[in-house]
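Below is one structure, written out as structure tokens, with a few remarks after it.
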Amino acid sequence: MSQTLFDKVYWIVQRIPAGRVATYGQIARLLGIPRGARTVGWALHSLPDDVEVPWQRVINAQGHVSTGWGGDESTGQRALLEAEGIVFGQDGRVDLKVYGWAGLELAEWQQLHGTGADVPHLSA
DNA sequence: ATAATGACTGGGG
DNA sequence: ACCCCAGCCATTA
């Protein structure tokens, strides 16, 4: 299967803290493909059943859910995120400045774990 | 190896 | 603010 790329995507997504969301482009950048946001989406689209990944925490750069295979709300993705403490705007958007993984994750992680060795480099 | 596809993104109208 | 178009990358047929 050689899903090295996919596996890496899953690895990163699995490390997104609950109550926090990441964008496809952000993950793509971690993979070394700043413009490969679509590839990340494809990876989650092909997400195997035997691998549990909080794909719900991965949204587009516009802070809007882009499951694409159905309704944004019908999917239940919104409900799952809200259950994690994420608040949606009136238009069904998420404030990336607040719930975005970057910016807070590293500082918070370091405070809780004392080190960010296990966290990928997300600065800036 | 070539062509088409897709859960994206950014810029322009 | 919303809608449309073109660019980018890996996987699949």
Side-chain angles (χ1 to χ4, degrees):
Chain A
M1 291 279 270
S2 73
Q3 35 199 207
T4 312
L5 212 332
F6 284 34
D7 202 2
K8 201 167 180 180
V9 173
Y10 305 149
W11 185 88
I12 295 175
V13 175
Q14 287 174 342
R15 272 148 189 68
I16 300 176
R20 210 70 59 71
V21 296
T23 67
Y24 296 96
Q26 184 176 356
I27 296 174
R29 194 162 79 161
L30 292 175
L31 295 173
I33 45 181
R35 271 74 181 183
R38 308 197 78 187
T39 307
V40 176
W42 188 255
L44 294 177
H45 174 241
S46 279
L47 184 64
D49 300 337
D50 57 330
V51 179
E52 290 185 35
V53 177
W55 56 271
Q56 61 218 39
R57 295 173 191 156
V58 184
I59 60 181
N60 58 21
Q62 299 174 3
H64 194 276
V65 178
S66 297
T67 43
W69 53 273
D72 302 282
E73 303 178 16
S74 305
T75 62
Q77 180 173 7
R78 173 170 175 168
L80 289 170
L81 293 176
E82 288 180 324
E84 295 183 352
I86 295 177
V87 179
F88 282 70
Q90 290 183 328
D91 48 3
R93 276 193 177 188
V94 178
D95 190 344
L96 293 175
K97 294 193 303 290
V98 178
Y99 302 104
W101 188 15
L104 284 173
E105 92 297 347
L106 193 54
E108 189 170 308
W109 189 291
Q110 289 179 346
Q111 285 183 32
L112 295 174
H113 298 260
T115 174
D118 280 333
V119 176
H121 183 267
L122 290 169
S123 60

Mind checking side chain to side chain contact (heavy atoms under 4.5 Å, CB included) for A:L47 and listing every partner two or more places apart, or none if nothing turns up?
A:Y10, A:V53, A:W55

Between P of C:dT12 and NE2 of A:H45, the distance in whole Å
11 Å

To the nearest 0.5 Å, atom CZ of A:R57 lies from atom CD1 of A:I86 at 8.0 Å

Can you name the nearest heavy-atom pair linking A:H64 to A:I59, along with the distance?
O-CB, 3.8 Å

Distance, rounded to the nearest Å, where A:L44 contributes CG and C:dA10 contributes C1':
13 Å

Once you round it to whole Å, what is the distance between P of B:dA7 and CD1 of A:I59?
16 Å

Measuring only between side-chain heavy atoms, which start at C-beta, is A:P54 closer than 4.5 Å to A:V13?
yes

Report the residue (A:R93 or A:I33) whose heavy-atom-nearest nucleotide on DNA chain C is the more 5′ of the two.
A:R93

Given atom OH of A:Y10 and atom P of C:dT11, what is their separation to the nearest angstrom?
10 Å

Whole angstrom is fine here: how far is it from CZ in A:F6 over to P in B:dG6?
14 Å

Take the protein atom NE2 of A:H64 and the nucleotide atom P of B:dC8, then report the distance between them rounded to whole Å.
12 Å

How many whole angstroms separate atom CD1 of A:I27 from atom P of C:dA10?
16 Å

Any side-chain heavy-atom pair from A:Y99 and A:L81 closer than 4.5 angstrom?
no

If we only count heavy atoms from C-beta on, is the A:V94 to A:F88 side-chain gap below 4.5 Å?
yes

Close residues, residues 35-42 of chain A, relative to DNA chain C [heavy-atom separation under 4.0 Å]:
A:R35, A:G36, A:R38, A:T39, A:W42

Whole-Å distance between B:dC8 P and A:R29 CZ?
19 Å

